[in-house]
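In what follows, residues are counted from 1 in the order of the sequence shown. None of the values given here were measured: they were computed from a predicted structure. We count ligands from 1, going down the list as the structure has it; atoms in each ligand are counted the same way.
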Amino acid sequence: MEIKRKVRPIAQILNERCDGNPWCPSMRVCPIGAIKVKESRGLIMKKVVLEVDENKCTGCGKCLNYCAHQAIRIT
Ligand code: SF4
């Protein structure tokens with residue numbers, strides 16, 4: 001018999017919605033720094049690609065309220 005492991009909820013960045021702001025408020029508000037810059041592009045008009053460290057994220061949902069583009073969801 002297969003035992004299913006309960007997976008805890010974590011934040012997920014929706015890159016198609018994210019505006020790539022290098023000063024992302026959601027990244028700055030995360031109490032444990034679970035949102036990181038994965039990739040940085042451009043010299044003058046800098047854009048970033050963000051990712052969530054699945055090992056750190058507690059799924060608290062605080063970052064959701066700071067994203068103006070609804071680019072984060074808890075899954
Ligand atoms: S859900 Fe909480 S812990 Fe996870 S990235 Fe958002 S603010 Fe950080």
Side-chain angles (χ1 to χ4, degrees):
M1 188 175 110
E2 186 181 326
I3 299 171
K4 288 197 175 175
R5 188 167 54 101
K6 179 163 172 40
V7 181
R8 65 184 164 80
I10 58 165
Q12 180 187 17
I13 309 283
L14 305 174
N15 289 315
E16 66 276 11
R17 288 190 176 189
C18 179
D19 69 346
N21 178 1
W23 296 280
C24 171
S26 297
M27 178 172 66
R28 294 165 64 169
V29 79
C30 176
I32 52 168
I35 301 177
K36 303 269 184 201
V37 174
K38 179 181 174 188
E39 202 180 311
S40 189
R41 301 177 188 144
L43 292 173
I44 298 167
M45 295 295 286
K46 207 170 182 178
K47 293 271 182 185
V48 296
V49 177
L50 301 175
E51 69 179 352
V52 174
D53 184 335
E54 296 180 5
N55 295 316
K56 280 186 169 182
C57 178
T58 61
C60 70
K62 190 171 182 182
C63 54
L64 297 179
N65 298 323
Y66 287 82
C67 180
H69 308 282
Q70 291 83 44
I72 303 176
R73 71 178 174 196
I74 302 290
T75 57

Partners of Arg73 by salt bridge (charged side-chain N to carboxylate O under 4.0 Å, His left out), sequence neighbours excluded?
->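 With sequence neighbours excluded, Arg73 shows a salt bridge (charged side-chain N to carboxylate O under 4.0 Å, His left out) to no residue whatsoever.
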Minimum heavy-atom distance between [X] and [Y], given as atom pair plus value:
X	Y	value
Ile35	Met27	O-CG, 3.3 Å
Arg41	Val49	NH2-CG2, 3.7 Å
Glu54	Arg8	O-NH2, 2.8 Å

Atom indices of ligand 1, in the order listed, that fall short of 4.0 Å to a heavy atom of Ile35 =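 Matching atoms, with element in brackets: 5 (S).
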May I ask you to test the His69-Cys18 pair for a side-chain heavy-atom distance under 4.5 Å?
->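 Counting from C-beta outward, His69 and Cys18 never come under 4.5 Å.
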Provide the protein N, O or S atoms situated under 2.8 Å from atom 2 (Fe) of ligand 1; waters are not included.
->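 Correct list: Cys60 SG.
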Are Val37 and Val29 in one and the same hydrophobic cluster, where Ile, Leu, Val, Met, Phe, Trp and Tyr link if side-chain heavy atoms are under 4.5 Å apart?
->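 Val37 and Val29: separate clusters.
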